[in-house]
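Worksheet: one structure, shown below.
Predicted model only: the values in this text are computed from it and were never measured. Naming: A, B, ... by sequence-line order, numbering from 1 per chain.
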Protein chains: 2
Amino acid sequence: MPENREVTIYDIAKHLNISAATVSRGLKNNPMINKNTRKKIADAAKQLGYQSNTFASSLRSKHTHTLGVLVPRLNSYFMSSVLAGMENAANRHGYNLIIAQSLEDAEKEKLNAETMFNKRVDGLLISLSYNTQHINHLEPFFKRKIPVVFFDRVYPHNESTSIVINNYGAAYNITQHLIEQGCRRIMHLGGNVLRNVYKDRLDGYRQALNDNRLPVIQQLYLTSNLSEQAGIEAARYILDMAPDDRPDAVFSANDTAAVYCMLTLKAAGIRIPEDIAFAGFNNDPISKVIEPNLTTVDYSGDTVGNTAVTNLINHLKGDSNLYITNSITLRSDLVIRASSLKKQIARN
Amino acid sequence: MPENREVTIYDIAKHLNISAATVSRGLKNNPMINKNTRKKIADAAKQLGYQSNTFASSLRSKHTHTLGVLVPRLNSYFMSSVLAGMENAANRHGYNLIIAQSLEDAEKEKLNAETMFNKRVDGLLISLSYNTQHINHLEPFFKRKIPVVFFDRVYPHNESTSIVINNYGAAYNITQHLIEQGCRRIMHLGGNVLRNVYKDRLDGYRQALNDNRLPVIQQLYLTSNLSEQAGIEAARYILDMAPDDRPDAVFSANDTAAVYCMLTLKAAGIRIPEDIAFAGFNNDPISKVIEPNLTTVDYSGDTVGNTAVTNLINHLKGDSNLYITNSITLRSDLVIRASSLKKQIARN
DNA sequence: TTGTACGCGTTATCAT
DNA sequence: ATGATAACGCGTACAA
């Protein structure tokens, strides 16, 4: 006889001739309750096939043990590492993740944020879409003091934490490295400067040129969405230039564009790094497979995710009304590989 | 004065001197309600900063518009494509995704399944961990008729849908292809045969050998977790063999192991495909970057995800008590690339 | 240590 | 077309 009502704490209570309140307490292992009754309750729960109803609980207790995660895209190596790190940390603390992607669309980001709010997530983890201009859509969170943690593509907000790496410094160093290899006409493939990550990488690149008294050449700066296609188009752009105008190095703001640019140039007979040296960003798996291996910047998505969630949960467990604003800068490492080692290769 | 109570439909009701029931209906655009009142309600809602409380609604209406997704790992190319596809389809239908990973651990899978049940997901999408032996942990879902959709790593269950590709056929074809290239000693790098995907790929490989009257050689079958490290170890295993015993081709059950095996062999002076031809599985981005490009099996994670969610939601919207069990086999394509083109390359 | 009683915010039912 | 009321399952202040 398929009874279709849920098994509730009342059923357990009736079964044991005790009150629902006691069952509720016993199930949470409240030490006030007699150890014996606790055991009896647990047994009865198992026997009756009781499964606690999280949102009935949430309705009462005002917290969901659920974190919202809002990212531009789910299917990139970096982002899936971040998610893996987040899930790990969340799980460890008894939290769950509800995940949505904006597909780089500010409007969708707004809708998703609203959904997450309506689901009453205990906190929000967000990396902004390509063209998000403001964060008005996060106001409901701010108003209700629901903590928001920005990561990677962040937005200045003095009541939220941001998790980033030093994009400026990493870009500066990688550009400096190319310069030390003898490169003088370094091209940069960048993204939308609305986003800190691309702005900072561009700034770092430019500053390195300045500090080395190299000109910043307008023609050697391309912005795009840094997709495979964008990499291929960058290569065509280079091939269309008069040979003397061509760059002797390319620093791309991500590995995907770098790699597909390399592949296209190689197919056209350009030698790497002899003719054009390369550097990317992210340490994507493809950077270790392309030949010559791509010089890049390594930073752990896993760590970003872990840090973001851990930080958020700490706020949640502490006094969330008084927590201190901060920005956490994670470590990143320059990974030097053959694609940028101009002089050394040339010596052979 | 920071009032910390939520804005509820009662506030709107009071504000407009109407009943909460009307507000509830109006907010859902119930056509029974006067268009005028509907507008007034919407306006008041905006004005008062009302945000619907999803789980109060869920408590009453018995459905959460949330789907649980339980995967072995979040951070693989295939899985992140699947998730992207799922999120897309779910979003399109007004559903959300709550995501957890088992980290290939059956115990963790069990715990996660329980959490998902407790959150009363409307349906569960699951790909089994490496060593899951049974699906007793899904019983609560079956008992409550909550639809479960298996994808990729599935389990036979006559009240659930499975989304797969024809792993057997794809493996058969790719092995046949290698044989047609003149390969006679084809090694197979496989996974745990507990999982259909690896069992079927192994079977397809073996059948192709049989059909071509080639011996199935014990030493040429290695099982592992198909990680980078496993690929490297497979290469070492090959290099340790007497040259005459070595395979003349390797068919790996995933691209990662294939690519790292290739890289290691290349570094040791083995020529690919002349000495050893290669084929993988998944059409991971690295397969397009390795040189020579890896022959592989393409199937869209995006489509898997989309299909799984769409199917699930169809059940949800239809009569979920009567839905018909089925197994959906998605298309996959053999992608032939240079790494396996033994004869052609040799001719040059 | 346990029980009573109420409320969380919404929706379904029945009535008007 | 709208209102009154109960109920969803749980947690907690207060009482015992």
Item checked: Whether F141(A) and F117(A) hold their rings parallel, tilted or perpendicular, with breakpoints at 30° and 60° ->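 F141(A) vs F117(A) ring planes: perpendicular.
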Notebook entry, point to check: Within a reach of under 6.0 Å around NZ of K108(B), are more than 12 heavy atoms found that belong to other residues, nucleotides or ligands?
Noted result: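 Atom NZ in K108(B) is crowded, with more than 12 foreign heavy atoms closer than 6.0 Å.
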Would you kindly check whether a donor in the side chain of [X] faces an acceptor in the base of [N], or vice versa, at under 3.5 angstrom?
X       : N       : result
R38(A)  : dT2(C)  : no
R60(B)  : dT10(C) : no
R120(A) : dG9(C)  : no

Notebook entry, point to check: Which part of the nucleic acid does S58(A) contact within heavy-atom distance under 4.0 Å: base, sugar-phosphate only, or nothing?
Noted result: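 Nothing, no heavy atom under 4.0 Å.
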Notebook entry, point to check: For N34(B) and A20(A), take the nucleotide of DNA chain D holding the closest heavy atom to each; which residue's nucleotide lies nearer the 5' end?
Noted result: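 The residue closer to the strand's 5' end, by nearest nucleotide, is N34(B).
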Margin query: Nearest heavy atom decides the nucleotide; on that basis, is Q51(B) or R25(B) closer to the 5' end of DNA chain C?
Written below: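 Comparing both residues, the 5'-ward one is Q51(B).
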Item checked: Integer-rounded Å distance: dG11(D) P and I9(A) CD1 -> 6 Å
Note to self: Without decimals, in angstroms, what is the distance between L27(A) CG and dT12(D) C1'?
What the structure shows: 15 Å
Notebook entry, point to check: For T66(A) and N96(A), does a side-chain donor sit closer than 3.5 Å to a side-chain acceptor?
Noted result: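 Short answer, no.
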Next item on the list: Ignoring backbone atoms, establish whether T22(B) has a side-chain N or O less than 4.0 Å from OP1 or OP2 of dG3(D).
Entry: yes
Margin query: Below the 4.0 Å mark, does dG3(D) have OP1 or OP2 next to a side-chain nitrogen or oxygen of S19(B)?
Written below: yes
Note to self: Please determine whether a side-chain nitrogen of the Lys or Arg among R153(A) and E104(A) lies less than 4.0 Å from a carboxylate oxygen of the Asp or Glu.
What the structure shows: yes
